[in-house]
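Okay, so here's the structure we're looking at.
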Amino acid sequence: MKWTQTLIPTLREAPADAEIVSHKLLLRAGLIRKLAGGVYTFLPLGLRALRKVEKIIREEMDRAGAIEVLMPALQPKEIWEQSGRAETAKDVLCKVKDRANREWFLSPTAEEVITTLAAGEINSYRQLPKNFYQISTKFRDEIRPRFGLMRAKEFIMKDAYSFDTTDENAMASYHKMYDAYKRIFARCGLQAFPVEADTGVIGGNYSHEFMVPAETGENDVVYCEACGYAANIEKATSGIPKTASREVGAAIEKFATPGVVTIEALAKEPYKVPANRQIKTLVYIADSKPVLILIRGDDQLNETKFAAKTGAVAVRPATAEEIVPLLGAKPGSLGAVVNVPADVKVFADERLQGANDMTTGANEDGFHLKNVSIERDIKVTAWFDLRTVSAGEPCVKCAKPLKIRRAIEVGHVFKLGTKYSEALNAMYLDDTGVRHFLVMGCYGIGVTRTLQAIIEQGNDKDGVIWPLSVAPYQVCITPLAVAPESDAMKLAEKFYAELSAKGVDVILDDRDERPGVKFKDSELVGFPIRIGIGEKSLAKGEVELKPRNGALQAIKAEDAVEAVMKLING
RNA sequence: CGGGGCGUAGCGUAGUCCGGCUAGCGCGCUUGCUUGGGGUGCAAGAGGUCGGGAGUUCAAAUCUCCCCGCCCCGACCA
């Protein structure tokens with residue numbers, strides 16, 4: 001490609017609405033342009049890089065035995081009602097109506113469609129296993145689009161769905177995808193690692209996310225350097241000890257705490273009740289029903305764990321207006337000892353199991369209770385791990401201190417089980433003629449997000465640093481004179497032809513620009529290899545080879561093509 | 001949706017409090033000259049319904065009200 005023939009609108013300054021480095025560089029390097037919030041056009045260079053990521057994904061999915069299909073973006077509402085997700089996923093669904101007033105959803109994912117397909121086309125164990133994948137545009141009515149391609153309303157996703165006869169076989173399919181994902185991200189030049197994950201609204205019971213470490217990520221990952229344990233903070237547990245049990249003390253005692261509505265205030269003079277001897281009582285509305293959650297005073301509730309453990313779909317903190325009629329007191333004086341309506345469930349964090357000599361609210365404004373023994377004095381409906389892990393806590397596997405860091409989620413693998421095959425009646429006959437539900441798994445990669453993650457991880461002050469595998473062009477030839485008859489341009493054309501013939505993706509910067517402009521642009525865009533051709537070195541029969549992330553070297557013109565091939569082939 | 005901020009030329013911005021604008025600057029763009037190995041210099045130019053609407057006023061980018069869009073923080077997720 002000649003630079004003047006394509007469109008590479010580089011920007012000297014980043015548009016003000018870009019915040020993080022990868023978003024700025026996507027715009028500055030002329031890879032994308034915004035049409036509206038969370039909606040972007042891919043320009044020629046951005047599209048080339050995107051296609052390369054897709055190619056890697058296709059090759060690895062094919063290698064892993066998956067087969068490519070293309071499902072519709074327009075999905076009838078009915079199948080979503082059948083799976084139950086018309087309700088549970090309603091907040092992210094982009095809805096459209098046709099002229100007959102029929103309602104459609106723009107695909108945010110395709111479990112319903114593929115399961116409907118499988119229900120019709122897969123009848124026998126002889127057809128299994130099968131793993132279908134597609135790379136397509138997905139739509140989510142994001143609450144808040146953010147960071148360019150990182151969280152967009154419209155984005156490109158690779159989604160795959162496996163169908164197996166048994167749980168055991170489904171695990172094998174899962175592990176094939178898990179391994180394929182590791183290869184995919186490695187080939188994209190990404191440092192991505194799998195972590196245990198919550199399954200969320202998609203459902204299922206076993207899941208890993210592939211994370212790219214980055215301060216700008218939207219996830220917190222808990223990990224152990226000693227044993228390799230790693231989990232999303234929404235899922236992570238630690239080996240932190242339960243609350244120490246003391247002598248079973250005196251009976252409960254109510255005491256006045258005027259104006260004290262926080263854990264911190266109760267920990268200070270004159271009360272001096274340490275946070276780890278307090279029971280924090282939270283009121284949540286889980287699927288429209290109020291529930292109480294008990295957490296130790298120095299712990300934080302993990303809402304994802306709470307929803308996952310209780311099976312709730314929609315959870316939110318109750319408002320003060322909801323709490324007062326329920327418990328008779330405002331937040332700050334709440335407890336689960338007295339005055340809890342019989343139909344209100346009480347979920348307590350396991351760390352409180354056996355705790356006594358605790359202090360908690362009295363359900364009376366301005367009063368607390370002490371000498372509370374949780375098992376003796378509170379009717380707990382169920383105990384769960386509900387707390388959020390903090391850095392430094394002992395690893396659940398090896399007891400070494402845990403660390404936490406931010407990361408970008410680029411892929412997610414789930415074992416789904418029979419949730420969708422049951423809802424959409426997808427069954428097969430086994431070798432004895434008995435019907436079973438298909439056992440499913442699903443596997444997503446955010447393709448456009450992966451592209452941005454590559455930039456987020458590969459950049460410096462001058463611009464993008466593409467890995468060779470996904471660079472829009474691998475080589476940028478930069479003649480410093482562009483008149484057709486000039487020696488520099490003649491040589492540039494020769495390199496261009498030779499490298500192209502060898503299958504190298506090469507761009508020739510034929511713009512009549514000053515050297516500084518060309519160098520700056522090639523570094524901003526981030527081509528992995530630049531061949532500089534100028535009079536000074538040409539006089540010595542040399543050209544300049546400049547890897548984007550390495551030192552410039554002078555090289556004999558006749559050796560240049562070979563040297564480039566060496567860099568490309570490693 | 002809650003909280004915060006911002007909308008002035010393709011991009012970055014000054015001016016907005018305190019009305020007087022014929023809207024200024026840098027980058028980019030066009031033309032000419034210049035320069036020719038790290039965003040060259042000089043000159044001339046094109047480009048703006050100051051997000052939209054209504055109002056106040058002799059006069060509105062500036063004040064008031066309504067609407068729209070965008071960004072950031074939170075809840076959602078590939």
Side-chain angles (χ1 to χ4, degrees), chain A residues 9-20 23-24 27-28 30 33-39 57 88-93 107-110 135-160 181 197-202 209-212 217-219 232 234 303-304 307 314-317 319 408-414 442-453 462 478-483 486 488 511-524 530 532-539 543-544 546 552:
Chain A
T10 57
L11 261 24
R12 207 183 271 215
E13 285 169 297
D17 51 4
E19 195 73 9
I20 66 174
H23 186 194
K24 286 180 182 168
L27 293 163
R28 287 226 293 138
R33 282 295 181 265
K34 182 172 75 176
L35 177 63
V39 180
I57 292 173
T88 56
K90 65 174 189 291
D91 291 341
V92 298
L93 288 169
S107 176
T109 171
I135 296 176
S136 62
T137 302
K138 296 291 189 291
F139 302 86
R140 290 199 186 160
D141 188 4
E142 283 293 342
I143 300 167
R144 181 152 86 86
R146 212 189 320 213
F147 299 155
L149 305 178
M150 210 60 103
R151 172 173 305 280
K153 273 191 159 74
E154 181 184 323
F155 57 99
I156 294 174
M157 181 163 94
K158 187 284 305 178
D159 45 330
Y181 275 32
D198 176 62
T199 52
V201 72
I202 291 186
E209 288 164 336
F210 283 77
M211 295 290 195
V212 174
E218 299 184 77
N219 297 269
N232 192 308
E234 296 174 341
E303 287 191 12
T304 307
V315 303
R316 64 167 175 86
T319 63
I408 299 164
E409 179 189 356
V410 288
H412 202 158
V413 293
F414 296 84
C442 76
Y443 318 94
I445 291 178
V447 183
T448 38
R449 178 184 287 181
T450 297
L451 186 70
Q452 184 161 352
D462 293 316
T478 308
L480 299 187
V482 296
S486 70
R511 295 176 300 168
D512 185 14
E513 286 286 355
R514 297 176 56 83
V517 173
K518 294 186 159 197
F519 293 149
K520 285 288 182 192
D521 269 349
S522 80
E523 278 150 18
L524 175 57
R530 184 177 71 217
I533 309 173
E535 281 177 17
K536 283 186 188 165
S537 44
L538 211 49
V543 296
E544 284 159 2
K546 170 72 175 70
L552 185 144

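Lettering follows sequence order; numbering is per chain, from 1.
A donor-acceptor contact under 3.5 Å is not formed by the side chain of Gln452(A) with the base of rA78(B). For Arg140(A) against rA78(B), a side-chain N or O and a base N or O form a donor-acceptor pair under 3.5 Å.
Each of Asn219(A) and Glu19(A) was matched to the nucleotide of RNA chain B holding its nearest heavy atom; the match closer to the 5' end belongs to Glu19(A). Nearer to the 5' terminus of RNA chain B, by closest-nucleotide assignment, is the contact made by Gly148(A) (compared with the other of Gly148(A) and Arg151(A)).
Comparing rC70(B), rA78(B), rG12(B) against the side chain of Ala16(A) picks out rG12(B) as the nearest. Of the candidate nucleotides rC70(B), rC11(B), rC77(B), rC70(B) has the atom lying nearest to any side-chain atom of Lys34(A). Side chain of Met157(A), nearest nucleotide from rA78(B), rC11(B), rC73(B): rA78(B).
Nucleic acid contact for Asp91(A): none, since no nucleic acid atom lies under 4.0 Å from a heavy atom of the residue. Residue-level contact check: Phe147(A) touches the backbone only, with heavy atoms under 4.0 Å from sugar-phosphate atoms and none from bases. Here Val447(A) lies out of heavy-atom contact (under 4.0 Å) with every strand. Note on Ala14(A): only backbone sugar-phosphate atoms sit closer than 4.0 angstrom, heavy atoms only; bases stay farther off. Among the atoms of the strands shown, base atoms are found under 4.0 Å from some heavy atom of Ala152(A).
Rounded to an integer number of Å, the gap from CG of Asp141(A) to P of rA75(B) is 18 Å. Going from atom CD of Glu218(A) over to atom C1' of rC72(B) covers 12 Å, rounded to whole Å. Atoms NZ (Lys90(A)) and C1' (rC77(B)) sit 16 Å apart, rounded to a whole Å. Put simply, CG on Leu27(A) is 15 Å from P on rC70(B), counting in whole angstrom units. Straight-line distance from the CD atom of Glu142(A) to the P atom of rC1(B): 15 Å, rounded to whole Å.
rA61(B) and rA9(B) are spaced 14 Å apart, taking the C1' atom of each and rounding to whole Å. Comparing rG26(B) with rG45(B), their P atoms are spaced 14 Å from each other, to the whole Å. Look at the P atom in both rG52(B) and rC11(B): the space between them is 15 Å, to the nearest Å. If you take atom P in rC71(B) and the same atom in rG28(B), they sit 27 Å apart, rounded to whole Å. Remark: the separation of the C1' atoms in rC73(B) and rA78(B) is 22 Å, to the nearest Å. Separation of the P atoms belonging to rG12(B) and rC70(B) is 15 Å when rounded to the nearest angstrom. rU62(B) and rU8(B): their C1' atoms are spaced 12 Å apart (whole Å). To the nearest whole angstrom, the two P atoms, one in rC72(B) and one in rU40(B), are 32 Å apart.
Side-chain N/O atoms of Arg144(A) include none lying less than 4.0 angstrom from OP1 or OP2 on rC76(B). Side-chain N/O atoms of Arg146(A) include one lying less than 4.0 angstrom from OP1 or OP2 on rG74(B).
Listed for the Lys153(A) side chain is no donor-acceptor partner under 3.5 Å among the backbone atoms of Pro145(A). Remark: side-chain polar atoms of Arg28(A) are not paired, donor with acceptor, to backbone N or O of Ala14(A) under 3.5 angstrom.
Between the CG atom of Asn232(A) and the CE atom of Met211(A) there is a distance of 4.5 Å, given to the nearest 0.5 Å.
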Strictly under 4.0 angstrom, non-hydrogen atoms only: write out the protein contact profile of nucleotides 36-44 of chain B, one letter per nucleotide from the 5' end, B, S or -.
BBBBB----

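The shortest side-chain heavy-atom distance between Asp159(A) and Lys138(A) falls under the 4.5 Å cut-off. Counting heavy atoms from C-beta outward, Lys536(A) and Leu480(A) have side chains that stay 4.5 Å or more apart. No side-chain heavy atom of Leu451(A) sits under 4.5 Å from any side-chain heavy atom of Val447(A).
Pairing for rG2(B) goes to rC73(B), judged as Watson-Crick or G-U wobble with the two contacts each under 3.5 Å. With both pairing distances under 3.5 Å, rU22(B) is matched to nothing as a Watson-Crick or G-U wobble pair. Nucleotide rC63(B): paired with rG55(B) (Watson-Crick or G-U wobble, both distances less than 3.5 Å). Pairing for rG45(B) goes to rC29(B), judged as Watson-Crick or G-U wobble with the two contacts each under 3.5 Å.
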Trace of the salt bridge (Lys or Arg N to Asp or Glu O under 4.0 Å) decision for Glu19(A) with Arg146(A)
CA-CA 9 Å; Glu19(A) 195 73 9; Arg146(A) 212 189 320 213; over 6 Å; no

Run Arg449(A) and Arg151(A) through side chain to side chain contact (heavy atoms under 4.5 Å, CB included) and show every step you take.
CA-CA 8 Å; Arg449(A) 178 184 287 181; Arg151(A) 172 173 305 280; 4.0 Å; yes

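Scored by the ring pair (Phe, Tyr, Trp, His ring centres under 6.0 Å) test, Phe210(A) finds Tyr178(A), Tyr181(A), Phe185(A) as partners (sequence neighbours excluded).
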